[in-house]
**Student:** 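Okay, here's the structure, questions in a sec.
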Amino acid sequence: MDPLEDVLSLLDATGHVSAAMSAGGRWAVRFPPPAGLKFNAVRRGSCWLEVDDVPDPVHLAEGDCYLLTRPVAFTLASDLNVPAEPAHPLFAAAVDGVARAGDGDEVFLIGGAFSFTGRARALLLDSLPPVLHVPAGTPEAATVRWAVGEIDAELGRRPTGATVVAEHLAMVMLIRILRVHLAHDPDRSSGWLAGLADPTVAAALRAMHARPAHPWTVAELARVAAVSRSTLAARFKDRVGKGPLEYLTEWRIELAADQIRRGGETVATIARAVGYGSESAFSVAFKRTTGLSPRAYRSHLTRAG
């Protein structure tokens with residue numbers, strides 16, 4: 001089991017490709033806080049990215065792409081001293097899927113977003129820095145550039161099924177960007193994502209994700225990772241921020257919450273499926289993690305529609 005694939009599947013991550021943007025001359029566009037993850041890729045030209053609460057702007061060159069992981073406003077501009085106009089009117093007036101800013105077309109960007117279920121922030125987004133920048137010159141960015149090019153081609157030609165293909169390509173791009181981040185900047189992550197960058201911790205994570213209902217012990221996980229019990233416990237705590245068994249409990253609850261959201265199973269059945277011998281022990285762990293009992297969680301989802 002690949003924990004990254006596992007978590008993205010659990011979050012029901014979906015890629016959405018939005019209108020492209022063409023710009024030229026002196027221009028600046030102000031975007032509202034995105035929901036989920038927002039991405040843009042520069043297909044032509046260059047520009048600046050300025051994100052609220054991030055001290056340094058990012059210069060984007062041709063072939064670069066970036067991922068925003070926080071719900072904060074941001075600005076794209078040829079010059080950050082140019083007064084920014086709001087994005088909504090520009091994109092509402094888009095022609096053939098292309099919004100236009102400034103005077104000219106020296107810069108061309110395509111973008112979109114990734115939506116997740118409500119538990120995404122704790123599982124994925126909180127472990128990422130606010131901006132993930134993938135420069136075009138990095139070897140690992142090759143697949144990202146390929147996916148961006150294919151998205152651009154699909155949306156430009158609009159063959160049958162273009163939107164579905166573009167959205168799947170966007171998910172490929174998301175996974176590649178996360179891999180680039182893990183390979184080059186693991187120290188800026190925390191939580192399970194940071195653990196994936198550590199071979200010892202990753203071995204334990206893969207084992208727990210492959211068999212979440214198994215009654216794992218730290219000693220058994222240490223044998224899987226081929227290290228001592230104390231080494232695994234220390235490295236896991238340092239990288240993930242919690243011990244292996246605490247992580248296992250939280251992952252089991254995430255799996256259980258997903259089954260409750262999907263409906264159809266009793267609480268007792270779900271408890272057994274995620275490794276709890278009794279419904280009462282499962283209910284205690286579930287409430288400690290989510291703040292609600294399993295039945296209250298299901299009722300909350302029903303009321304929320």
Side-chain angles (χ1 to χ4, degrees), residues 15-34 36-88 90-91 94 97-114 125 128-153 155-156 166 169-170 172-181 183-185 188:
H16 306 278
V17 179
S18 64
M21 187 176 80
S22 176
R26 287 171 55 80
W27 59 275
V29 180
R30 178 76 170 169
F31 293 81
L37 297 176
K38 168 70 178 177
F39 76 87
N40 269 115
V42 183
R43 294 290 289 158
R44 182 173 65 247
S46 64
C47 63
W48 287 94
L49 165 68
E50 187 173 54
V51 181
D52 287 7
D53 302 325
V54 175
D56 299 319
V58 178
H59 186 258
L60 301 170
E62 186 171 311
D64 285 12
C65 67
Y66 67 86
L67 197 67
L68 301 180
T69 67
R70 301 286 187 274
V72 295
F74 65 99
T75 300
L76 291 170
S78 62
D79 183 337
L80 294 174
N81 294 317
V82 175
E85 56 183 321
H88 178 72
L90 296 177
F91 282 82
V98 180
R100 301 190 179 277
D103 181 18
D105 60 357
E106 300 93 52
V107 182
F108 188 79
L109 303 97
I110 62 172
F114 301 98
L125 305 188
L128 296 172
V131 181
L132 297 182
H133 176 212
V134 183
T138 56
E140 295 83 1
T143 301
V144 175
R145 293 197 299 275
W146 170 82
V148 170
E150 290 296 308
I151 291 170
D152 194 10
L155 298 181
L169 287 167
V172 170
M173 194 175 76
L174 171 61
I175 293 171
R176 281 291 182 166
I177 290 173
L178 293 177
R179 285 177 179 172
V180 171
H181 169 65
H184 288 274
D185 212 358
R188 293 185 65 197

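Numbering of residues begins at 1 and proceeds along the displayed sequence.
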**Student:** Please report the interatomic distance CG(Asn40) to CZ(Phe31), rounded to the nearest 0.5 Å.
**Tutor:** 6.5 Å
**Student:** Mind checking side chain to side chain contact (heavy atoms under 4.5 Å, CB included) for Arg26 and listing every partner two or more places apart, or none if nothing turns up?
**Tutor:** Ser78, Asp79, Val82
**Student:** Just by distance, do the side chain of Asp105 and the backbone of Ala23 share a donor-acceptor pair under 3.5 Å?
**Tutor:** no
**Student:** Measuring from Asn81:CG to Trp48:CH2, what's the distance to the nearest 0.5 Å?
**Tutor:** 11.0 Å
**Student:** Which heavy-atom pair separates His59 from His133 by the least distance, and what is that distance?
**Tutor:** O-CE1, 3.8 Å
**Student:** Return yes when atom NE2 of His88 has more than 12 non-hydrogen atoms of other residues, nucleotides or ligands closer than 6.0 Å, and no otherwise.
**Tutor:** no
**Student:** Main chain of Pro129, side chain of Thr69: is a donor-acceptor contact present, judged purely on distance under 3.5 Å?
**Tutor:** yes
**Student:** The criterion is side chain to side chain contact (heavy atoms under 4.5 Å, CB included); which residues satisfy it with Arg43, sequence neighbours excluded?
**Tutor:** Phe108, Ile110, Val148, Asp152
**Student:** If you take all heavy atoms of Arg100 and Leu90, which pair is closest and at what distance?
**Tutor:** O-CD2, 3.3 Å
**Student:** What heavy-atom pair brings Ser22 and Arg44 nearest, and what distance separates the two atoms?
**Tutor:** OG-NH2, 4.4 Å
**Student:** Heavy atoms only: give me the nearest Cys47-Ala77 pair and the separation to one decimal.
**Tutor:** CB-O, 3.4 Å
**Student:** In Å, rounded to the nearest 0.5 Å, how long is the span from CG of Leu37 to CZ of Arg70?
**Tutor:** 9.5 Å
**Student:** Residues in salt bridge (charged side-chain N to carboxylate O under 4.0 Å, His left out) with Arg30, at least two apart?
**Tutor:** Asp52
**Student:** Using a 3.5 Å distance criterion without hydrogens, assess whether the side chain of Glu62 forms a donor-acceptor pair with backbone atoms of Gly45.
**Tutor:** yes
**Student:** If you look at every heavy atom in Ser46 and Ala61, which pair is closest and at what distance?
**Tutor:** CB-CA, 4.0 Å
**Student:** What do the steps show when you test Val131 against Phe74 for side-chain contact (heavy atoms from CB on, under 4.5 Å), and what is the final call?
**Tutor:** CA-CA 11 Å; Val131 181; Phe74 65 99; over 6 Å; no
**Student:** So Pro57 and Leu80, do their side chains get closer than 4.5 Å, heavy atoms only?
**Tutor:** yes
**Student:** Which pair of non-hydrogen atoms, one from Ala73 and one from Pro33, has the smallest distance, and what is that distance?
**Tutor:** N-CG, 3.7 Å
**Student:** Considering only heavy atoms from C-beta outward, does the side chain of Glu85 approach that of Trp27 to under 4.5 Å?
**Tutor:** no
**Student:** With rounding to the nearest 0.5 Å, note down the distance linking CG in Leu49 to CG in Leu60.
**Tutor:** 5.5 Å
